[in-house]
Amino acid sequence: MTGKAREVDVLIVGAGPAGLAAGAELAAAGAGRVEILEREQEAGGIPRHCHHGGFGGRVDRSAYAWASATGSTYARRGTTGPSYARRSVAAAAAAGAALRTGVTATGWAGPRTLETTGPAGLERITARAVILATGARERPRGARLIPGTRPPGVYTTGELQQAVHLYGQRIGTRAVVVGDEPVSHAAAATLHAAGVHLVAVVTDRTAPALRLRNPRVPLLTGATVTELMGRTRLSGVALRHDDGRTTTLRCDTVVLTGDFVPDHELARRGGILLDPGTRGPAYDAAHRTSLPGVFAVGNLLHAVEHAGYAAQEGRAVAVPVLHRLAGTEEPAGGGRRIVVDAPLRWIAPNVTGPDGTRPQGDRFVLRTERRLPRPLLVVSQDGRELHRQRLRAAAVPGRPFHLPADWADRVDRDGTAVRITAR
Amino acid sequence: MTVTLTTAGPLHPDGGAEGTYDVTVVGAGVVGAAVARELARHRLRTALIDAADDIGDGTSKANTAILHTGFDAVPGSLEARLVREGRDLLAAYATETGIPVERVGALLVAWDEDQLAALPGLRDKAARNGYHASRIIDAEELRAREPHLGPGALGALDVPDESIICPWTTPLAFATQAVRGGVHLHLNCRVLDITTDADTHTLTTSRGPLRTRFLVNAAGLHADEVDRLLGHDVFTVTPRRGQLVVFDKLARPLVSHILLPVPGPAGKGVLVAPTVFGNVLLGPTAEELDDKTATGSTADGIRFLREKGRRIVPALLDEEVTAVYAGLRAATGQEDYRIQEYPGLRYVAVGGIRSTGLTASMAIGRHVMELLTAVGLDPGEPHDLPPLTMPGLGEAFTRPYRDAALIAGDPAYGTLVCHCEQVSLGEIRDALASTIPPHSPDGLRRRTRARGGRCQGFYCGAAVRALFEEERP
């Protein structure tokens, strides 16, 4: 490949909430040439097609507001996704960040040099600091290993929302939503907006995390999808209930929701170490990855948190990036890995910060595989207990919960990995 | 160039004597398309018909995508000969037309002493099939060449010329050249009945009658049914289902060769192989069924493949799965192709073309041409077909998004629509306007890779559908 070579101070990959916030903050702080690459034709990220309220409100809990279908009080705060996306784009541009849409980072030509493709041709952009903000996606049917035929009519929420809200496409007439996360309720709301009859919401969990607003829609708990049926069009979804019963739901549309996975391809192609739990780059409280000068923010790190949280991470990365540009960055290598034991799924950040730096909000984010009523969390390193705390609320799959970072300065920099257990 | 491709309405060969084709090929899979391409080299009125809305929509679209050397064929069989001839023909054709092929080589891995002891016999069998380049390598060399192989491998038979090929571009290239060469392609055209008189077959199809002097039956899974319509009861096609798992491109560095098991009494077994799109394939299962439409995957099938895969390349199982699919091979209970000519009937049956059919396709095309001549067709002198260049889908070659000159000439090749597969607007536009355009988003995927990647449409699904519907509402 040939291409024009250029240099910038900060190169940000991805113009979703995290990347735009990072760009706005760094440009405003005088970081020099700050460039944000977005492979879509329009910047803004996932909120562009989330036509529900709750983005950027005072409490900024759009994850819960995603569940506008549930009538959550949060949904009345803030604004819609598209409006939030426009505001974020405008803020980055006003701060002086250069936003380039329709440009894809296709690979690496050096430690902080990215190769790009766009209608204007190929480029090789070298930056003093690179920030990866490539986001997350829902696992599609194949990755979930759902057997059966492969007819049209099978969606993820992301595809469904774009089809309905950005393209006004026909969907179907009878739909089943698989999943029980906030995004599942957003999918239900989108189906409703598209005039599709919702046959049922199906979850393999025994107790629902969120309640549906519409009590007439059956919520089938403890049910696993065993087969998709149909030839020219989806004709049904076969289920197996926990008690062994089997059912077939007749429908022409199924939406597979949640089960987010970081879009880590660029990170992996760059040789960045991943965390086995989150499947995003391993990172410390300063958002540093294993590659010097390469930072990561947003849902690439921990699929999936709400837009406001991703934007906070974008803003938070500005300080360590400015240190990097000024040559006052903490030396790398001091961080210890933080690992979790089952039933915990992951923790983020998952490397201890330089000199005991604490994560934003002074707390770590965790997820669990199964429901834990008032879990006792124990932090230890090399058999030495650093911290022990009983949470006041239940930890529920599909929703974040938090561990205060009080113990971060007690980590032995010469020790091995820090371990978190829950019971 | 006059192109005739119809998908609806009655079937009229233009200018034919009383509307009669010289030759009709039933089945536009890789074999039927290869036969049609061969016929296009002659001044004949030829029809290629298929029940589906696309070419290669049956067995051809869902296979293991290997360009075989034929080293393990049954020596002396028709299959062995046609695979041997076909591999060279197709390799040359692929170079000429841009069908992606990578000569990655195969390793038949021995996991126990019995299998290790079987390797010399396999090497000798390869030699009897005219393939002399295979050799036995020890555990150490095997480990050096495939460092991610699971523990316990004792050695392997190295077959350096075994290659991977694009299963979708191949029949499309054949059919495109055939159609540009004057062959009429009729899709959505299912054969319901056949009546035969002294010099004409009349096919009753779902789109009305079609008359033809000569008939080639390349109907794949349905070849036995078409054969019965002509009064024969020679073979029965039993669908043998093969389920396959496609792993993400990030898994590609884990596997360098086509990793084959040593064949045992239970058949050829499960392989792990790279694909020309840069993924890794695990499969197939081998399930004897009686339903020719059972192309669904099953929980048992997926579990079985994952167990096998875990033994072969353990790290593969930690990678994301891009897709799971199933294909049906046309097994006939006889371990050879069933290609048979019927002089009195002006008819050639091409049945039992199993997984090697992709490799053998061009040789089968030539062979059928000879048989047609033997049953009375006077094809006249052949002429060369105009050269053809297919869109480059192969990951090992320069794809349009990496081609600075191409993008400079047309920015649409730098405008990416499908991010996972890096498919540009230019390629989608070209496919929609091509000689044989797709009639479904899946057809578009097989021509461009659009929405065939790890996100399966999370990002681009709606955009690709919009482009498709704009062109073909």
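Residue numbers begin at 1 in each chain, while the letters A, B, ... track the order of the sequences. Values reported hereafter were calculated over all heavy atoms of this structure, with side chains retained and with hydrogens, waters and symmetry mates removed.
Residue A:Arg268 touches chain B through its side chain alone, counting heavy-atom pairs closer than 4.5 Å. At a 4.5 Å heavy-atom cutoff, the contact between A:His264 and chain B is made by side-chain atoms alone. Both the backbone and the side chain of A:Gln162 come within contact range of chain B, each with at least one heavy atom under 4.5 Å from a heavy atom of that chain. Heavy-atom distances place no part of B:Gln243 under 4.5 Å from chain A, backbone and side chain included. For a residue to count as touching a neighbouring chain, one of its non-hydrogen atoms must lie under 4.5 Å from one of that chain's; by this rule B:Leu250 touches chain A with backbone and side chain alike. Interface remark: B:Ala326 contributes no atoms to any contact with chain A (heavy atom separation under 4.5 Å). In this structure, chain A has heavy atoms under 4.5 Å from both the backbone and the side chain of B:Asp318. For A:Val164, no part sits under 4.5 Å from any heavy atom of chain B, backbone or side chain. If you measure heavy-atom distances from A:Arg231 to chain B, the contacts under 4.5 Å come from the side chain alone. Residue contact with chain B, scored on non-hydrogen atoms closer than 4.5 Å, involves the side chain of A:Thr156 exclusively. Contact annotation for B:Arg451: only side-chain heavy atoms (C-beta onward) come within less than 4.5 Å of a heavy atom of chain A. Contacts of B:Thr293 with chain A are made by both backbone and side-chain atoms, with heavy-atom separations under 4.5 Å. Using a 4.5 Å cut-off between heavy atoms, B:Arg306 contacts chain A through its side chain alone, with no backbone atom that close. Neither the backbone nor the side chain of B:Ala408 comes within contact range of chain A, judged by heavy atoms closer than 4.5 Å. For a residue to count as touching a neighbouring chain, one of its non-hydrogen atoms must lie under 4.5 Å from one of that chain's; by this rule B:Gln456 touches chain A with backbone and side chain alike. Contacts of B:Thr298 with chain A are made by backbone atoms alone, with heavy-atom separations under 4.5 Å and no side-chain atom involved.
Salt-bridge check for B:Arg465 with A:Glu159: failed, with every basic side-chain N at 4.0 Å or more from each acidic carboxylate O.
Remark: the backbone N or O of B:Tyr401 is paired with a side-chain donor or acceptor of A:Thr117 at under 3.5 angstrom.
Your options are B:Ala299, B:Pro411, B:Ala462, and the one with the most heavy-atom pairs under 4.5 Å with chain A is B:Ala462. Counting heavy-atom pairs closer than 4.5 Å to chain A, the top residue among B:Ser424, B:Gly414, B:Gly457 is B:Gly414.
For the pair A:Arg39 and B:Tyr459, the cation-pi test (distance below 6.0 Å, angle within 45°) is passed.
At most 12 heavy atoms of other shown residues, nucleotides or ligands fall within 6.0 angstrom of atom CZ in A:Arg170. By the 6.0 Å contact criterion, CD on B:Glu288 is enclosed, its count of non-hydrogen atoms from other residues, nucleotides or ligands being greater than 12. For CD of A:Glu42, the number of neighbouring non-hydrogen atoms (other residues, nucleotides, ligands) closer than 6.0 Å is 12 at most.
Note that the SG atom of B:Cys420 and the CG atom of A:Asp263 stand 6.5 Å from one another [nearest 0.5 Å]. In this structure, CD on B:Glu469 lies 11.5 Å from OH on A:Tyr167, to the nearest 0.5 angstrom. Put simply, OG1 on A:Thr104 and CG on B:Leu416 are 4.0 Å apart, with the number rounded to the nearest 0.5 Å.
Put simply, the side chain of B:Val324 does not reach to within 4.5 Å of the side chain of A:Arg150, judged on heavy atoms. A heavy-atom distance below 4.5 Å is found between the side chains of A:Ile46 and B:Phe458.
No option in A:Glu265, A:Arg137, A:Glu40 other than A:Glu40 meets the side-chain hydrogen bond (donor to acceptor under 3.5 Å, both in side chains) test with B:His419.
Residues in residues 409-422 of chain B take part in these salt bridge (Lys or Arg N to Asp or Glu O under 4.0 Å) pairs, two or more places apart or across chains: B:Lys249-B:Glu421, B:Asp410-B:Arg429, B:Glu421-B:Arg449.
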